[in-house]
Amino acid sequence: MGDISRRAADITESATLAITRRAAELRGEGAHVIGFGAGEPDFPTPDAIVSAAINAAGDVKNHKYTPAAGLPELRAAIAGKTLRDSGYEVDPAHVIVTNGGKHAVFSSCQVLLDPGDDVLLPAPYWVTYPEAVKLAGASPVVVPTTQEEGFQVSVAALDAARTERTKMLIFVSPSNPTGAVYPPDQVAAIGAWAAEHGIWVLTDEIYEHLVYGSAVFSSLAVQAPEAKVVVVNGVAKTYAMTGWRVGWLIGPPEVSAAAGRLQSHMTSNVSNLAQRAALAAVSGPLDAVMEMREAFDRRRRTMVTMLNDIEGVVCSEPEGAFYAFPSVAGLLGREWAGRHVASSLDLAAVLLDEIQVAVVPGDPFGAPGFVRFSFALSDDDLAEGLGRFQAFVAAG
């Protein structure tokens, strides 16, 4: 037997972080890489939030351990923010502050899942979801969606995949990687279906403020109050705070208590300075958030137009988050720069090597033949990178 545990050996590295790392290596070698890979805003954290952290660093109370489940004032502020933004009224005692949204997903799976349980996972999905399920000893059951149906799973498809082993559904709207936003009536229908069959729903709402056009965000916990729901969220995307590592989960009393116990042994409290910054974020106005959303909306429209101008690429218009998820099937099965490109994995490698454009292939998202482009980068870099892609394809 090897020295590495099976559960660690079976986990796949995050595709987005791997692409980001490779792009950084090329930049270190002097290449002008345009990165469409990382899922983080290109804006700095707003000044008021940064100032809160600086002030907190000088306060000795933040130099000590604090409650593992989170600062009481932050938990209360998250409850208030949740009511303000989604209409979901929660007790602060049911909020657990985590080390980012990934930690909240992981803890939710650890608390609710056992070996032998199945988790329904509509595809395309965020790359971390299946790994978190597997680390809990459960099995992800992929439920495919199509570009033609807007990458939105139907109740009929979910029910066809359901068995007596089904314990949970992972639901996300707005979606990473597709930008799909489910209309409120469909959110309600999915929640009602889950409630009917006693299935837990882990709903990831981290992109709640990033919706465009006529799309609206709606929380499954609000649309289907009868459902058994754990809400996952965080400050990363909304407030340009990906590096601060503050997320949270909200669940019924028994789930939150169990998550708190788990966290007391796993990590103890999240960094107090980051928690103080998060307190300023969720308690403050959304002005900076709206400014970022306007920029993302502008870039979204530019990206969709430029991608659809490329022969062999078909890009649906994303309604939320900050990703476009075009089909590149028309570019596959051909020679590009002297290399046979059979998959989106191959295409991503060629684009990075030949034109220094970093994208994330769709295969790790459960969507072969697609590629994820983030539009959370500057207008100039977006135009430059997509221009390179257009020229590369045009040159054959």
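These numbers come from the heavy atoms of this one structure, side chains and all, not from hydrogens, waters or symmetry mates. Position 1 is the first residue of the sequence, and the numbers go up from there. Note that the structure is predicted; figures quoted are calculated from it, not measured.
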*Asks:* Report the distance from atom NZ of Lys134 to atom CD1 of Ile11, rounding to the nearest 0.5 Å.
*Replies:*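 Lys134 atom NZ to Ile11 atom CD1 measures 5.5 Å (nearest 0.5 Å).
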*Asks:* Is any side-chain heavy atom of Glu319 less than 4.5 Å from a side-chain heavy atom of Pro174?
*Replies:*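 No, side chains not in contact.
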*Asks:* Just jot down the salt bridge (Lys or Arg N to Asp or Glu O under 4.0 Å) partners of Asp379, sequence neighbours excluded, or say none.
*Replies:*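 Asp379 satisfies salt bridge (Lys or Arg N to Asp or Glu O under 4.0 Å) with Arg298, Arg299 only.
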*Asks:* How about Leu331 and Trp336: do any of their side-chain heavy atoms sit closer than 4.5 Å?
*Replies:*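 Leu331 vs Trp336: side chains touch.
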*Asks:* Is any side-chain N of the basic residue among Arg7 and Asp10 closer than 4.0 Å to the acidic one's carboxylate O?
*Replies:*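 Salt bridge: no.
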*Asks:* By side-chain contact (heavy atoms from CB on, under 4.5 Å), which residues pair with Ser316, not counting sequence neighbours?
*Replies:*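 With sequence neighbours excluded, Ser316 shows a side-chain contact (heavy atoms from CB on, under 4.5 Å) to Gln147, given in chain and number order.
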*Asks:* Which donor-acceptor pairs under 3.5 Å do side chains of residues 48-56 form with protein atoms, sequence neighbours excluded?
*Replies:*
unit_1, atom_1, unit_2, atom_2, d
Ser51, OG, Asp47, O, 3.1
Asn55, ND2, Ser51, O, 3.3

*Asks:* Determine whether more than 12 heavy atoms belonging to other residues, nucleotides or ligands lie under 6.0 Å from atom CD of Glu149.
*Replies:*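 Counting neighbours around CD of Glu149, more than 12 heavy atoms of other residues, nucleotides or ligands fall under 6.0 Å, so yes.
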*Asks:* Do you know which two heavy atoms are closest between Gly333 and His340, and how far apart they sit?
*Replies:*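 So the two residues come closest at C-CE1, 3.8 Å.
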*Asks:* Side chains of residues 389-396: which donor-acceptor pairs under 3.5 Å do they make with residues two or more places apart or in other chains?
*Replies:*
unit_1, atom_1, unit_2, atom_2, d
Gln390, NE2, Met306, O, 3.0

*Asks:* Would you indicate whether Glu311, at its atom CD, is surrounded by more than 12 heavy atoms from other residues, nucleotides or ligands within a distance under 6.0 Å?
*Replies:*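 No - once you tally the heavy atoms of other residues, nucleotides and ligands closer than 6.0 Å, there are 12 at most.
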*Asks:* Would you give me the side-chain donor-acceptor pairs under 3.5 Å for residues 220-231, sequence neighbours excluded?
*Replies:*
unit_1, atom_1, unit_2, atom_2, d
Lys228, NZ, Gly198, O, 3.1

*Asks:* Checking Asn308 side chain against Cys315 main chain: does a donor-acceptor pair fall under 3.5 Å?
*Replies:*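 Checking the backbone N and O of Cys315 against the side chain of Asn308, a donor-acceptor pair under 3.5 Å is found.
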*Asks:* Are Phe322 and Tyr207 close enough that their ring centers fall under 6.0 Å?
*Replies:*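 Under 6.0 Å, so yes.
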*Asks:* Can you tell me which residue pairs pass the ring pair (Phe, Tyr, Trp, His ring centres under 6.0 Å) test with a partner in residues 147-202, sequence neighbours excluded?
*Replies:*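 Listed by first then second residue: Phe151-Phe325, Phe151-Phe370, Phe171-Tyr182, Trp193-His197.
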*Asks:* Listed by chain and number, what are the side-chain contact (heavy atoms from CB on, under 4.5 Å) partners of Asn99, not counting sequence neighbours?
*Replies:*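 By the side-chain contact (heavy atoms from CB on, under 4.5 Å) rule, Asn99 matches His103, Thr267, Val270.
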*Asks:* Search all heavy atoms of Leu307 against all heavy atoms of Leu386 and return the closest pair with its distance.
*Replies:*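 Taking every non-hydrogen atom into account, CD2-CD2, 3.8 Å.
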*Asks:* With sequence neighbours excluded, give me every salt bridge (Lys or Arg N to Asp or Glu O under 4.0 Å) pair touching residues 25-34.
*Replies:*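 Salt bridge (Lys or Arg N to Asp or Glu O under 4.0 Å) check on residues 25-34 returns Arg22-Glu25.
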*Asks:* Any side-chain heavy-atom pair from Thr145 and Pro124 closer than 4.5 angstrom?
*Replies:*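 Yes, at least one pair of side-chain atoms sits under 4.5 Å.
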*Asks:* Could you state whether Ile310 and Val359 fall into the same hydrophobic cluster, counting links through intermediate Ile, Leu, Val, Met, Phe, Trp or Tyr residues with side-chain heavy atoms under 4.5 angstrom apart?
*Replies:*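 Same cluster: Ile310 reaches Val359 through Ile, Leu, Val, Met, Phe, Trp or Tyr contacts under 4.5 Å.
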*Asks:* Do the non-hydrogen side-chain atoms of Arg75 and Ile96 ever get within less than 4.5 Å of each other?
*Replies:*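 The answer is yes, as the side chains (C-beta and beyond) meet within the 4.5 Å cut-off.
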*Asks:* Under the ring pair (Phe, Tyr, Trp, His ring centres under 6.0 Å) rule, what pairs show up with a residue in residues 234-285, not counting sequence neighbours?
*Replies:*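 Of all non-adjacent pairs touching residues 234-285, none passes ring pair (Phe, Tyr, Trp, His ring centres under 6.0 Å).
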*Asks:* Provide the closest heavy-atom pair for Val111 versus Ala258 in the form atom of the first, atom of the second, distance.
*Replies:*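 Between these two residues, the closest heavy atoms are CG1-CB, 3.7 Å.
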*Asks:* Quick one: do Asp297 and Arg293 make a salt bridge, cutoff under 4.0 Å?
*Replies:*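 Judged by the 4.0 Å cut-off on N to carboxylate O distance, Asp297 and Arg293 do not form a salt bridge.
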*Asks:* Donor-acceptor pair, Arg300 side chain versus Pro318 backbone, under 3.5 Å?
*Replies:*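 Yes; judged by distance alone, with no hydrogens or angles, the pair exists.
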*Asks:* Under 3.5 Å, is there a donor-acceptor pair between the side chain of Lys237 and the main chain of Ala321?
*Replies:*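 Looks like no, no N/O pair under 3.5 Å.
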*Asks:* Taking the side chain as C-beta and beyond, is there a heavy-atom pair between Asn272 and Asp59 under 4.5 Å?
*Replies:*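 No; the side chains remain at least 4.5 Å from each other.
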*Asks:* Just wondering, are more than 12 heavy atoms of other shown residues or ligands nearer than 6.0 Å to CZ in Arg84?
*Replies:*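 Yes, enclosed.
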*Asks:* Please, which pairs that meet ring pair (Phe, Tyr, Trp, His ring centres under 6.0 Å) have at least one residue in residues 35-64, sequence neighbours excluded?
*Replies:*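 The answer is Phe36-Phe373, Phe43-Phe296.
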*Asks:* Does Glu208 have any salt bridge (Lys or Arg N to Asp or Glu O under 4.0 Å) partners at least two apart in sequence or in another chain, and if so, which?
*Replies:*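 Glu208: salt bridge (Lys or Arg N to Asp or Glu O under 4.0 Å) contacts with Lys81.
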*Asks:* Give a yes or no on whether the backbone of Val181 and the side-chain of Ser173 come within a donor-acceptor separation of less than 3.5 Å.
*Replies:*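 Not a single qualifying donor-acceptor pair exists.
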*Asks:* Please list, chain by chain and in numerical order, all residues satisfying side-chain contact (heavy atoms from CB on, under 4.5 Å) with Glu73, sequence neighbours excluded.
*Replies:*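 For Glu73, the residues satisfying side-chain contact (heavy atoms from CB on, under 4.5 Å) (neighbours in sequence not counted) are Leu71, Arg276, Leu279.
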*Asks:* Is any side-chain heavy atom of Gln356 less than 4.5 Å from a side-chain heavy atom of Arg388?
*Replies:*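 Side-chain contact under 4.5 Å: yes.
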*Asks:* Got Ile170 and Asp204 here, is their nearest side-chain heavy-atom distance under 4.5 Å?
*Replies:*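 SC-SC contact between Ile170 and Asp204 ruled out.
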*Asks:* Using every non-hydrogen atom in the two residues, find where Ala161 and Thr166 come nearest and quote the distance to one decimal.
*Replies:*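 Nearest heavy atoms, Ala161 then Thr166: O-OG1, 4.2 Å.
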*Asks:* Quick check: do Thr242 and Pro41 have side-chain heavy atoms less than 4.5 Å from each other?
*Replies:*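 In short, these two side chains touch, coming nearer than 4.5 Å.
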*Asks:* Apply the test side-chain hydrogen bond (donor to acceptor under 3.5 Å, both in side chains) to residues Gln263 and Ser107: give CA-CA distance (whole Å), side-chain angles for both, the deciding distance (0.1 Å), then the verdict.
*Replies:* CA-CA 8 Å; Gln263 188 154 305; Ser107 292; 4.7 Å; no
